[in-house]
Amino acid sequence: MINGIILVLVLAVLILAVKSTVKHFRGECSCCGGSKGLIKETEKKLSNPIVGKKTISIEGMTCDHCRQSVEKALNAMDGVSARVNLKKKQAAVAYDRTVADTELRRAVEGAGFQVRAIK
């Protein structure tokens, strides 16, 4: 009897854990701001000709809200337009003026993520 109760409790916990994990990776959980936390995406257009491009490898992004947070932080920089690929864990950055790697790193880390490399 006790073994049956324990089995039911373990199964219930496992089901809730799987359900929570799925919600997290869809960007629907409270840690990511839920569906209300997603921002409307608009691609940032640079006003001057592009003078260079870089790829930033980023650690710690797990959901769409994470991706949008990094993209928003990079696009807030003057002269920078970024698109983040969650699956590749990379940001493709184009810029119309000189941008130091330290500035890009500061923006990503300010959003709460780690920069592995900038190429």
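Please read these numbers as outputs of a predicted model, since none were measured by experiment.
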Can you name the closest pair of heavy atoms from Ser69 and Ala111 and give their distance? O-CB, 4.0 Å
Apart from Leu14 itself, which Ile, Leu, Val, Met, Phe, Trp or Tyr residues share its cluster (side-chain heavy atoms under 4.5 Å, direct or through members)? Ile2, Ile6, Val10
So among Ile118, Val108, Val84, Leu74, which one has a side chain to side chain contact (heavy atoms under 4.5 Å, CB included) with Val93? Leu74
Side chain to side chain contact (heavy atoms under 4.5 Å, CB included) involving Val13 - partner list, sequence neighbours excluded: none
Residue pairs fulfilling side chain to side chain donor-acceptor pair (under 3.5 Å) with at least one residue in residues 88-100, sequence neighbours excluded: none
Under 4.5 Å side-chain heavy-atom separation, chaining through any Ile, Leu, Val, Met, Phe, Trp or Tyr, what else clusters with Leu11? Say none if it is isolated. Leu7
Side chain to side chain donor-acceptor pair (under 3.5 Å) pairs touching residues 109-119, sequence neighbours excluded, are none
Could you measure the distance from the CD atom of Glu71 to the SG atom of Cys66? Nearest 0.5 Å is fine. 12.5 Å
Using distance only, find each side-chain donor-acceptor pair of residues 44-58 under 3.5 Å and give its atom names and separation, not counting sequence neighbours.
residue	atom	partner	partner atom	Å
Lys44	NZ	Asn75	O	2.7
Lys44	NZ	Met77	O	2.6
Lys44	NZ	Val80	O	2.8
Lys54	NZ	Val99	O	3.4
Lys54	NZ	Asp101	OD1	2.4

Any non-hydrogen side-chain atom of Phe113 less than 4.5 Å from a side-chain atom of Glu59? no
